[in-house]
Protein chains: 2
Amino acid sequence: MDDLDWLLLGELQADARLSFSELSRRVHLSPPAVAERVRKLEESGVIGGYRAHVDPRHTGRSVVALVTMSCYGPGCVLRHPEMLDSPDIFEVHRVTGGACCVLRVAVATMEDFESLIDRLAAYGTPSSSMVLSSPVPWRPTSP
Amino acid sequence: MDDLDWLLLGELQADARLSFSELSRRVHLSPPAVAERVRKLEESGVIGGYRAHVDPRHTGRSVVALVTMSCYGPGCVLRHPEMLDSPDIFEVHRVTGGACCVLRVAVATMEDFESLIDRLAAYGTPSSSMVLSSPVPWRPTSP
DNA sequence: GTTGAAAACAATTTGGT
DNA sequence: ACCAAATTGTTTTCAAC
């Protein structure tokens with residue numbers, strides 16, 4: 001991971017669809033050199049994939065929330081992956097502190113949200129914070 | 001947004017580097033049709049960009065946390081964007097509830113984390129949950 | 001890591017249903 | 001809205017260095 005790798009990572013984080021040729025122009029390296037560096041970044045796991053980013057709010061999922069689950073023991077939602085296998089749940093993070101995990105969820109309506117919370121409540125105590133806006137929706141990893 | 005659009009979104013969320021030709025094969029549509037549909041998805045904002053996903057933990061940032069900031073009034077961190085302009089802060093979400101915002105942060109060491117918390121404490125009261133693991137690190141948006 | 005050439009591939013335009 | 005065909009251009013991938 002030298003400066004050149006970070007340059008490539010920066011470009012690909014900003015636009016994952018850049019061709020090796022275009023990348024080679026931007027970082028002033030030959031296309032084969034770029035291809036091999038990117039391949040190594042992929043194989044080493046630094047690049048975990050290339051994704052089109054879809055804003056849930058642009059697809060009818062206008063209710064976004066962070067749901068903190070307090071549930072320990074055998075009933076904990078983390079021990080029931082089928083519950084977490086919902087298209088409404090976009091991220092699950094196990095955390096330290098008074099809660100066991102934090103979920104990022106996005107649904108179309110408050111009614112859907114209520115129903116999701118009801119389902120989650122079977123495993124523990126959900127505590128919800130509605131996301132009003134995201135001043136920093138995302139930032140690239142940099143050195 | 002019909003079924004075909006969702007099919008395309010699914011493919012591009014799984015692999016943003018697919019060519020229009022390859023996409024056209026997968027969804028059984030001609031390349032020009034795919035190109036125009038994707039262009040429309042981009043222009044309408046449904047596709048917000050294409051990003052290489054870099055796992056911070058693979059780049060030395062092994063300390064990941066969710067930091068909840070309690071700070072209201074003129075001193076609130078949300079009114080000081082320069083504070084949020086840090087390479088250690090990857091997401092900022094304004095939320096309802098007892099807190100004003102939630103930050104996803106990733107740093108190399110606990111020492112770095114301590115220093116970040118110290119800086120944040122100038123604006124309000126940070127409450128940190130360390131991310132132990134992410135059972136669902138990410139899920140694509142689907143209908 | 002570079003260069004240059006060959007082969008493969010992809011994007012776009014056109015004309016049409 | 002879509003397809004097919006052809007053109008044009010680009011990208012990738014060899015090889016040799």
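Each chain gets a letter, A, B and so on, in the order its sequence line appears, and its residues count up from 1.
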Fill in: Same cluster (ILVMFWY, side-chain, under 4.5 Å), Val67(A) and Val102(A)
no
Fill in: Carboxylate-amine/guanidinium proximity below 4.0 Å for Arg25(A) and Glu22(A)
yes
Let me have the donor-acceptor pairs involving side chains of residues 110-119 of chain B, under 3.5 Å, with sequence neighbours excluded, atom names and distances please.
{"unit_1": "Asp112(B)", "atom_1": "OD2", "unit_2": "Thr109(B)", "atom_2": "OG1", "d": "3.3"}

Worksheet entry | Nucleotide range of DNA chain D lying under 4.0 Å from chain B heavy atoms | dA1(D) to dA4(D)
Worksheet entry | Leu18(B) backbone acceptor or donor facing Arg17(A) side chain under 3.5 Å |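 Indeed, once roles are kept as given, a pair shorter than 3.5 Å links the two residues.
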Worksheet item: Taking atom CZ of Arg94(B) as the centre, does the number of heavy atoms from other residues, nucleotides or ligands within less than 6.0 Å exceed 12?
Response: no
Discussion item. Checking one residue: Leu132(B). Which other hydrophobic residues are in its cluster under the side-chain 4.5 Å linking rule?
Written reply: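 Leu132(B) clusters with nothing; isolated.
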Worksheet item: According to the ring pair (Phe, Tyr, Trp, His ring centres under 6.0 Å) rule, which pairs have a member within residues 54-85 of chain B, sequence neighbours left out?
Response: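 For residues 54-85 of chain B, and leaving out neighbouring residues, the ring pair (Phe, Tyr, Trp, His ring centres under 6.0 Å) pairs sorted by first residue read His80(B)-Tyr123(B).
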Worksheet entry | Runs of at least three consecutive pairs that involve DNA chain D, where pairs are Watson-Crick or G-U with distances under 3.5 Å | C:1-5 with D:13-17, C:7-17 with D:1-11
Fill in: Those residues that, when tested against Glu11(B), pass side-chain hydrogen bond (donor to acceptor under 3.5 Å, both in side chains) (two or more places apart)
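In terms of side-chain hydrogen bond (donor to acceptor under 3.5 Å, both in side chains), with neighbours along the sequence ignored, Glu11(B) is linked to Arg26(B).
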Worksheet entry | Shortest non-hydrogen separation from Trp6(B) to Thr141(B) and the atoms involved |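 The pair with the smallest heavy-atom distance is CZ3-O, 3.5 Å.
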Item to complete: Remember a base hit wins even if backbone is also touched, and classify Ser21(A) as base, sugar-phosphate or nothing at under 4.0 Å, heavy atoms.
Response: base
Practice prompt. Determine the contact category for Ser30(A): base if any of its heavy atoms lies under 4.0 Å from a base atom, sugar-phosphate if only primed atoms, P, OP1 or OP2 are that close, otherwise nothing.
Written response: base
Worksheet item: Separation of Arg25(B) atom CZ from dA8(C) atom P, in whole Å?
Response: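 That distance rounds to 14 Å.
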Discussion item. Please list, in numerical order, the residues of residues 31-49 of chain A that have a heavy atom closer than 4.0 Å to any atom of DNA chain C.
Written reply: Pro32(A), Ala33(A), Arg37(A)
Practice prompt. May I ask you to list the residues of residues 10-18 of chain B, by number, that have any heavy atom positioned under 4.0 Å from an atom of DNA chain C?
Written response: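 Close to the strand, none.
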Residue list, side-chain contact (heavy atoms from CB on, under 4.5 Å) with [X], at least two apart or on another chain:
{"X": "Val136(B)", "answer": "Leu84(A), Val92(A), Arg139(B)"}
{"X": "Pro32(B)", "answer": "Ser30(B)"}
{"X": "Thr125(A)", "answer": "Ser70(A)"}
{"X": "Asp2(A)", "answer": "Leu4(A), Asp5(A), Arg37(A)"}

